[in-house]
Amino acid sequence: AYFQALDRRAEVVVADLAEGLRTEANYLLTSAAIEVRAQVFYPLYDRCLAAGRAGFSVAAITKDEDRHLGEMKDGLARVVGDWRPRLEAVLEAERSLFGGFLEAMEAAMVVQRAA
């Protein structure tokens, strides 16, 4: 639901573009928003893994996510001239959607603990 709603928000943001550009612009905006979230999430997750002495790290994933975000920004600059305000609109939606995802996770954890 998170990914579909984010994709739908990007679809609305690019609705004014020429039909031939919409699909690629939507993909780039949605992917960029996910990469921005990954830049926050993976370092936190990696610290939790280290604190829990998991014996493995996701630091390499962070490097891949950074590279991919750069590719998304380059693609947006190529496809959509005014990409920054469009990305901000998608990021705003992503923050809300991710908050809902976290609330659902917390609720599931409460149910799991009670069982």
| Path from Met109 to Leu102 over hydrophobic side-chain contacts below 4.5 Å | no

| said: Check this for me: Arg84, atom CZ, are more than 12 non-hydrogen atoms of other residues, nucleotides or ligands nearer than 6.0 Å? | reply: no

| field | ILVMFWY cluster, Phe3 and Leu97 together (side-chain gap under 4.5 Å) | value | yes

| remark: Note: Leu17 and Arg22 closest approach over all heavy atoms is O-NE, 2.9 Å

| request: Report the C-alpha separation of Leu6 and Ile34 in whole Å, then their side-chain angles, then the decisive distance to 0.1 Å, and conclude whether the side chain to side chain contact (heavy atoms under 4.5 Å, CB included) test is met. | output: CA-CA 9 Å; Leu6 188 59; Ile34 292 167; 3.7 Å; yes

| When you look at Val80 and Asp82, which way does the side chain to side chain contact (heavy atoms under 4.5 Å, CB included) test go after all the steps? | CA-CA 6 Å; Val80 185; Asp82 61 339; 3.3 Å; yes

| said: Is the ring pair Phe41/Tyr45 parallel, tilted or perpendicular, if the boundaries are 30 and 60 degrees? | reply: parallel

| said: Please give me the minimum heavy-atom distance between Arg86 and Leu29, naming the atom from each residue. | reply: C-CD2, 4.0 Å

Scan the side chains in residues 87-96 for donor-acceptor partners under 3.5 Å anywhere in the protein, sequence neighbours excluded, and list what turns up.
from	atom 1	to	atom 2	distance (Å)
Glu94	OE1	Arg37	NE	3.3
Glu94	OE1	Arg37	NH2	2.8
Glu94	OE2	Tyr2	OH	2.6
Glu94	OE2	Arg37	NE	2.8

| task | I would like to know whether Met72 and His68 meet side chain to side chain contact (heavy atoms under 4.5 Å, CB included); could you show each step before the answer? | result | CA-CA 6 Å; Met72 296 303 102; His68 195 230; 3.3 Å; yes

| field | Heavy-atom closest pair, residues Ala59 and Asp46 | value | N-OD1, 3.8 Å

| field | Step-by-step side chain to side chain contact (heavy atoms under 4.5 Å, CB included) determination, Lys73 to Leu69 | value | CA-CA 6 Å; Lys73 286 180 179 177; Leu69 180 57; 4.1 Å; yes

